[in-house]
Structure formats: structure tokens, C-alpha cells
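As C-alpha cells, the structure follows; a few thoughts come after it.
Numbers here are sequence positions counted from 1.
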Amino acid sequence: MSTGVAAAPAAEPADSVRPSPPPPPPPPTLTPTAAPATDFSNRNSGSNVRSGDGGGNEDPTSLRVGRILSLLKSVEQEVPPPRAKGTGSSPPQRAAAAFDHAGGARSAIGGTAVEQSSASVFDGVKAKIIGQQVEIEEKTRTIAALREELKRLREASADQATQMKQDNKLRLTTQRKEFETVVNRHLAFIDKLLGEKDEISRKADALADEVKAMEKAFKEKLKTVEEQHARDLRQQRDLWQAAEKVKRDKWIAEKTKSIKDQTVKGLEPEIQRMLAQHKAQMRQIEEKAKEDMNRERAALAEASARQIESMRDKMIAERQKACEDEREFARQRYQKQLERDEMEFQQQKRKLQADFEDQKHYLSEEAKRARQADLLEHRKATDELRGALERLRVENDAATEELRRRHTAELAAQRERGEIEKQHWQEQYMARQEAEMRARDKQLREQLLKERDDELELIVQRLESETNSNASDIHRRFRMDVEKIRAEAAEEVKQLRDQHSLALDKVIAAQAALAKCEEERKDLQKQLLQTQHESQSKLGDGAVNSDTVSSPATLALTSITMDYRRFMSSGAKGEPAEVAPAKTVKNKNPLFQSPKRDRLRNYIVATMGSGNMRDAVKLPDGSTSKEEWLAVNTVDFFNQINFLQGCVSDYCTNDSCPSMRAGPRYEYLWADGKTVVKPIKCTAPEYTEHLLAWVEGQLDDEAVFNPEGHFPPNFEATVRTIFKRLFRFYAHVYHTHLKQLEAIGEDKHLNTCFKHFLLFTTEFKLIEDKELNALNSIVAQIIGTAPRV
């Protein structure tokens, strides 16, 4: 550390007297600037120079240096020129002259010593000042270089953030296009299936018209046969009458000849009597033959008409029933499939938008923190700043590379597993369906053939028993006609069966193709959700404890794979799966479409992903009121109930659940106080339908859920009633349908939803303890203490 400059000139000898001109005004002395010079040296010795911020505040050291330089300039200007030859005009001498003017008359004997001392002091000060100026220039250059480096790093960080945003936007656009392409392909395939269904319906109608035409032709043919039969009968009767007349005439002639030969007059009365008797017998025989012919003809016509009518009615009824069943089944299935696809697409779209907003907010926060870190690092040394930046760059590159490698490996493994499972399931399902259809078709064909043969055999036997020997020709022709009709009917039945088999094959092929497309779409959605979940976990959202709560990505995957599992379980029985679509709130109320509601939804998703569900149900700090928090969560729990009701709709029917019960002790009656004032007993599906319709009406009522945030005084009481009735649905499901949900693997999703529901109601005391007694043991496991009985 340098020492200060002497504050006063050196002492002169007493006997040294030097004449001098009148003293000018005293110049500024070096005494006031000596201490600041020393202070400036001490400050620079610490090697901690701070650059200015570019404003009007100057550094004190710069001010002191400026004052010293101005003092030197003034000293040089005020020192008089040399009087004697050989006297120098160096700055030390001028400084000495200045000291002589300031101190009065000096001795000539001591002038040399004073000049030497002043010169040495001035040289030391000047050397220090020059060194300080050089050091200041070096510090200034270093600061400028640091500023340039900081500016370059800021630009690089901004470029990197911009590039990341562009990449995310491009990736999101690509995924959206892929999803839209898949949805359009599915819609085109469904339209194709509907066209094929219409074509089959038209063919069935054409076949019905053909059957009617055949029936009409058969009636005309039967009428022609009956007319031919009547003509034959008349012809036979005429032949018989002619033959009988010839016989009678011949007999009369013979008898007459015999009588004439006998010429016995007493035989005349006997002959007359015999003739009269013969005529009476002839009339009786003719009347009897006529009655027998009429009776046989009527019996044959009646039996034929009755048989034909029964066969026609049976065929028409079976064909209409099969067509109606197939048409209704296809329409319901395609309608449900379209509604479910639309619902899942909207859910995925909203989730992607929320994830994109979260990622955007996270990146902006990261950029802000990075700028603050850069400002702090700016005040540190250059080596430390560069080292920290280099380490950060290396760590980021390593983390990014590791994340990309793991993502690629997991995506490839998931794709291979999904492809193997899909192929295995398709092979099993197609083989099982084909075997069952063949067995069913064979059994139906054998049964129809047997019934037809039995009925035809009975008809033939009845006709054979009623006919006699006089009608043998008619019976033979009639049996030939019957055999011909039987052959035609068998051929027609065979054609109808072939057409039915072709139609069933087309339907099975269409169902298989549709199931394949559906599985591919669900696999893509599962991969996308898993990728997003992995990315969020790597960015620092924290891992989720699967034993405590399901993450948002897990909940989404569970809802997507639910239909797949139910389709697998129903496919094992050889029947196409029918999943009841879950009705969701259409957000008619503007309260649930506001940006603040979206922010609260994002907050719920973020806190659910933290792994602690108890923190996720607490009222967030800030400007959110309790009423707004209750309103947003009410909509979410209502949607969860809707989804769970779609899961149990196949098992919860009017026959299986004739009343809304939660075990043997609790039975719930329905009354809403408006349309149903007196509580009524209803089945569990009817109670659930009334409940969901009533809650949806409450949510759409802007007088209760006010869009502007002005909630009525009874708002909390209304919310309590909603949660009390929603809890009854959980109580019924746990007591009645838990085993069925465990069989299809949806019990974990039910437990997660109910835990979230129960923690929220406990946090805000929305349900009384006596209402919770229906699920006493489950409530005790979740909240740690059982409610009071």
C-alpha cells in the first residue's frame, strides 16, 4: 500500500533569504489532494473496480484524479519563466516556484534543497497518477469485454428460448395434424360402414319384395291348380255318369229281355219295385260321392292355405326381426362410438392446450430466472462467470441427450409391446368369433331343416289319412305339387341363409377393422400422454407416488384405456362391446368458460401432479375466493361421476338394482323439492339419472353459479346438497358394483376419484358425518379417523 504525499513543504534554513516579486494569489496547495490520492491507491489495491451504470453519477476516484490533473495544469501555467540562463523550466521547478510564492520569501541558500524535495514528491505523485490511469484503462477495457460477453450470452439465451418455442409449436402442430388425420380416417370408415348398412337394408327390402312376388305367384298357381282340379272332377263325374248310364241301360235291356223271355205277367210289380230301388240307390251313391268330393276338396284347400299362411308369417316375422335387430344394434353402436370419440378428442384437445400453456409459463419463468442469474453473475469475476456458464451448458447438453435417448428407447419398447398385444388379441378375437358364428349358423340351419321336415311330414301324413282310393290321382298330383313347392322353398331358404352368412361376414370384418383402428388410435394417445408425462417429470414437476394418487397423465390414460379393457372383457364372450357414453357438462354457464376458470384448472392439474392430494384440495393463495374454488371443483367432480356412471351402466340396471341402496342399512329416495316434492322410491339407474340431470341444471343456473362472481347467500348450502347426493352414488357403487369394477381393472380409478372427492369434502366440511356412515371403513382408511355414528 502506497503512503500519502507530504502535506507541507520541507523546512528551510533560517539564514536563507531570497528576494521575490510581489506574491500572486496563492494557488491551490497539494494538501487537500494528498489524502484522496492515498485513498485512491488503497481502493485500487483491493482489485475490485465497479463500472458505472452509464448514468450521470461519476466515480469519486475519477473526480479526485480530475482535480489532481487540473491542479497540475494550473501549477504549470502559474510558474514564471526562468530568469537566468541555464535555469530549467521542468515541472518540478515550476512546482517549487509555486511553493516559493505560496510560502513567502525563501532563502537562496536553501532553494536547491527545496527544489530537489519538490521534484521528488512531484515525480512520485505523477508516476502514481500515470499508473492509476493505466490501471483504469485496463479496468475499463476489461469491463467493456465483460459487457460484450454478457450481451452475447443474453442473445444466445434468447435465441435458444425462441428456437425451443418454435420447436414446441412445430411439434404441437404436427401432433394436431396427425390426430385430425386419424379422426378423419375413422369418420370416413364409419361413413363407409353406414353406407354398407344402407346397402344391406336395401337388399333386405328387395328380398322382401321378391318374397311377396313369389307369394303372389304361388297364390295364382294354387288358384290355377284348384281350377284344374275342379275341371278334372267334373270330367271324372261326367265319365262316371256316362259309364253308369251305359251300365244301367245295359242292365235294363238284359232284365227286359229276361222278363220278356219269361213272359210272366205277375213279375211286373217286382220289376217296378227293383227299378225304383235301384234308382234310389243310384241317387244315394251320387249324393254321397258328391259330398265326399266336396269335403275332401275343402279339407285339402283349407290345410294348404293354413300351412302356406303359417310358413309365410313365420318367415316374414323372422326376417323383419333379424333386420330390425341388426339395424338397431349397428345404429346404437355407431352413435355411441361417435359420441365417445368426440368426447375423448375434446378432452385430449383441452389437455394439450393446458399442457402447452403450462410449458409456456414454465419457459417464461425459466427465462426470467436465467436473466436474473445473469445479472448477478455480471458482478462477479470473468473466470467464475465463464466457468459457471460452461458447466451449465455441459449439464444441459448431457441432460437433454439422456432425456432424448430414454424417450426414444421407451417409445420404441412401448410401440413393440403394443403391436404384439394388438396382433395377439386380434388373432384370438377373430378365431373365437369365426368359430362361434360357424357353430351358431350350423345349429340354426339344422334346426330350421328339422322343423321344416317335421312340418311337411305332418302335412303329408294328414293328407294321406284323409284321402281315399277314389281320390288317388288327385292326391298324387297334389303331393307332386307339394314336393315341388317344398323344393322351391328349400332353395329360397338356402339363398336367404347364404345372403345372411355373407352379411354376417361383412359385419364381422367391419367390426374387426373398426376395432383395429380404435386400438391404433388409443395406442397413439397413450404414447403421447406418456411422453408428455415423462417430459414434465424431467423438467422438475416431481415424481408422483402411484400408491398415493394418480397423476393427471395417469388419470387420462386410465380413462382412455377403460373402453379398451371393457371391449376385451366383452369380446371374450363373443359379443361386441357396448360402452355407455359418459355425459359431460356442456359448459352453458359462462362461469366455466372464463380465463380464471382455466387458470384454476391448470392449478388443480399442477398440484395433483405434485403427489400430495391433500395439498391439491386446499384453497389456493391469491385472489381466488372460496366460492369460485367450490364452483370449479364441483364441475370436475360432476364429470368424474358421469364417467364412473358410464363404467357401471352395463351392470347397474333396473333388474339388478331395483332400488338405490348402499348395503342393507341404507336406502335412498329421490326428491328435488320442485318437480318431485314428496320422496319417491326408484331404481338405482333412475336415481342416478335424476341426480345427474338435477346437478347439471344447478350448474347451468346463472343465479346460483354466477358468471360475474356474485354468488347468492345460499350458494354454499346448494354445494353441500350437491356433494351429499354425489356421495350416495359412490356409496351405491362401493356396496354393489365394486367386484365388477375389479374384474375389468377400474377399481384403482374409482379409489382415486373417491379419495380426491372425500379429501375435498373433508377440507371444506361439505358432508355431515352421519351421511358418511355408509362407507365408514373406507372413509376411516382415507382420512385416518372414522366419522361419528
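Using a 4.5 Å heavy-atom threshold, the side chains of Asn294 and Arg297 count as touching. Here the side chains of Ile285 and Trp240 are in contact, with some heavy-atom distance below 4.5 Å. The side-chain heavy atoms of Leu496 and Leu207, taken from C-beta on, include a pair separated by under 4.5 Å. His749 is listed as a side-chain neighbour of Leu644, based on a closest heavy-atom distance under 4.5 Å. With a 4.5 Å cut-off on side-chain heavy atoms, Leu669 and Ile680 do not count as touching. Side-chain contact between Leu692 and Glu696 is absent, with no heavy atoms from C-beta onward closer than 4.5 Å. Using a 4.5 Å heavy-atom cutoff, the side chains of Arg231 and Glu227 are in contact. Between His737 and Cys657 there is a side-chain heavy-atom pair separated by less than 4.5 Å.
In this structure, a donor-acceptor pair under 3.5 Å is absent between the side chains of Asp313 and Ser310.
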For this session: Give the C-alpha distance, both sets of side-chain angles, the deciding distance and a yes or no for salt bridge (charged side-chain N to carboxylate O under 4.0 Å, His left out) between Arg306 and Glu302.
Result: CA-CA 6 Å; Arg306 188 167 52 252; Glu302 183 180 358; 3.4 Å; yes
For this session: Start with the C-alpha gap between Glu686 and His690, add the side-chain angles, then the distance that decides, and say whether side-chain hydrogen bond (donor to acceptor under 3.5 Å, both in side chains) holds.
Result: CA-CA 6 Å; Glu686 293 174 350; His690 292 322; 5.5 Å; no
For this session: Just do the side-chain contact (heavy atoms from CB on, under 4.5 Å) check on Gln284 and Lys288 with the steps written out, would you?
Result: CA-CA 6 Å; Gln284 291 178 358; Lys288 184 177 181 181; over 6 Å; no
For this session: Could you check Gln447 against Gln443 for side-chain hydrogen bond (donor to acceptor under 3.5 Å, both in side chains), going step by step and ending with a plain yes or no?
Result: CA-CA 6 Å; Gln447 184 178 358; Gln443 182 180 2; 5.4 Å; no
For this session: Please report the C-alpha distance between Gln236 and Asp232 in whole Å, then the side-chain angles of each, then the deciding distance to 0.1 Å, and finally whether the side-chain hydrogen bond (donor to acceptor under 3.5 Å, both in side chains) criterion is met.
Result: CA-CA 6 Å; Gln236 291 295 330; Asp232 294 338; over 6 Å; no
For this session: Go through the steps for Lys314 and Glu451 under the test side-chain contact (heavy atoms from CB on, under 4.5 Å), then give the verdict.
Result: CA-CA 12 Å; Lys314 185 176 181 181; Glu451 292 177 357; 3.1 Å; yes
Exercise. Between Glu328 and Arg333, does a salt bridge (charged side-chain N to carboxylate O under 4.0 Å, His left out) hold up when you go through it step by step?
Worked result: CA-CA 8 Å; Glu328 185 65 18; Arg333 180 172 182 180; over 6 Å; no
For this session: In sequence, state the C-alpha distance, the side-chain angles, and the governing distance for Leu449 and Val493, and then conclude on side-chain contact (heavy atoms from CB on, under 4.5 Å).
Result: CA-CA 10 Å; Leu449 290 174; Val493 171; over 6 Å; no
For this session: Assess whether side-chain contact (heavy atoms from CB on, under 4.5 Å) is satisfied between Leu448 and Arg445, documenting all intermediate values.
Result: CA-CA 5 Å; Leu448 290 175; Arg445 185 181 292 109; 5.9 Å; no
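Tyr666 and His735 have their aromatic ring centers separated by at least 6.0 angstrom.
Salt-bridge check for Asp453 with Lys450: failed, with every basic side-chain N at 4.0 Å or more from each acidic carboxylate O. With respect to the salt-bridge test (charged N to carboxylate O, under 4.0 angstrom), the residues Arg438 and Glu434 qualify. A salt bridge between Glu324 and Arg327 is present, with a side-chain N of the basic residue lying under 4.0 Å from a carboxylate O of the acidic one. We find that Lys223 and Glu226 are not joined by a salt bridge, their nearest charged nitrogen and carboxylate oxygen being 4.0 Å or further apart. Salt-bridge annotation for Glu419 and Lys422: present, with a side-chain N of the basic residue lying under 4.0 Å from a carboxylate O of the acidic one. Checked for salt-bridge contact, Arg202 and Glu199 meet the test: a charged N lies under 4.0 Å from a carboxylate O.
Trp425 and Tyr429 have parallel rings, their planes meeting at less than 30° on a 0 to 90° scale where 60° marks the start of perpendicular.
Distance check, rounded to the nearest 0.5 Å: NZ of Lys257 to CD of Glu254 gives 8.5 Å. Summarising the geometry, atom CD belonging to Glu689 is positioned 8.5 Å from atom CD belonging to Gln645; distances are rounded to the nearest 0.5 Å.
In this structure a side-chain-to-backbone donor-acceptor pair under 3.5 Å is present from Ser656 to Thr653. Judged purely by atom type and a 3.5 angstrom limit, Arg432 has no side-chain atom pairing as donor or acceptor with the backbone of Ala435. Side chain of Thr683 to main chain of Ser659: no donor-acceptor pair is present (N/O by atom type, distance under 3.5 Å, no hydrogens or angles).
The heavy-atom pair separating Thr675 from Asp672 by the smallest distance is OG1-OD2, 2.5 Å. Contact record, Ala662 with Ala731: CB-CB, 3.7 Å, taken as the closest heavy-atom pair. In this structure, Met660 and His732 approach most closely via the heavy-atom pair CE-CB, 3.7 Å. Across all their heavy atoms, Ser649 and Gly646 have their closest contact at OG-O, 3.0 Å. For Ala204 against Cys323, the heavy-atom pair with the smallest separation is CB-SG, 3.8 Å.
Scanning for side-chain contact (heavy atoms from CB on, under 4.5 Å) contacts around Ile485 gives Phe218, with sequence neighbours left out. Trp251 meets the ring-ring contact (aromatic ring centres under 6.0 Å, His included) test with His278; sequence neighbours excluded.
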Extract all donor-acceptor atom pairs below 3.5 Å that involve side chains of residues 178-197 and protein atoms in other chains or at least two apart in sequence.
unit_1: Thr181; atom_1: OG1; unit_2: Lys177; atom_2: O; d: 2.7
unit_1: Asn184; atom_1: ND2; unit_2: Glu180; atom_2: O; d: 3.0
unit_1: His186; atom_1: NE2; unit_2: Cys517; atom_2: O; d: 3.4

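A cation-pi contact, defined as under 6.0 Å to the ring centre and within 45° of the axis, links Arg725 to Trp670.
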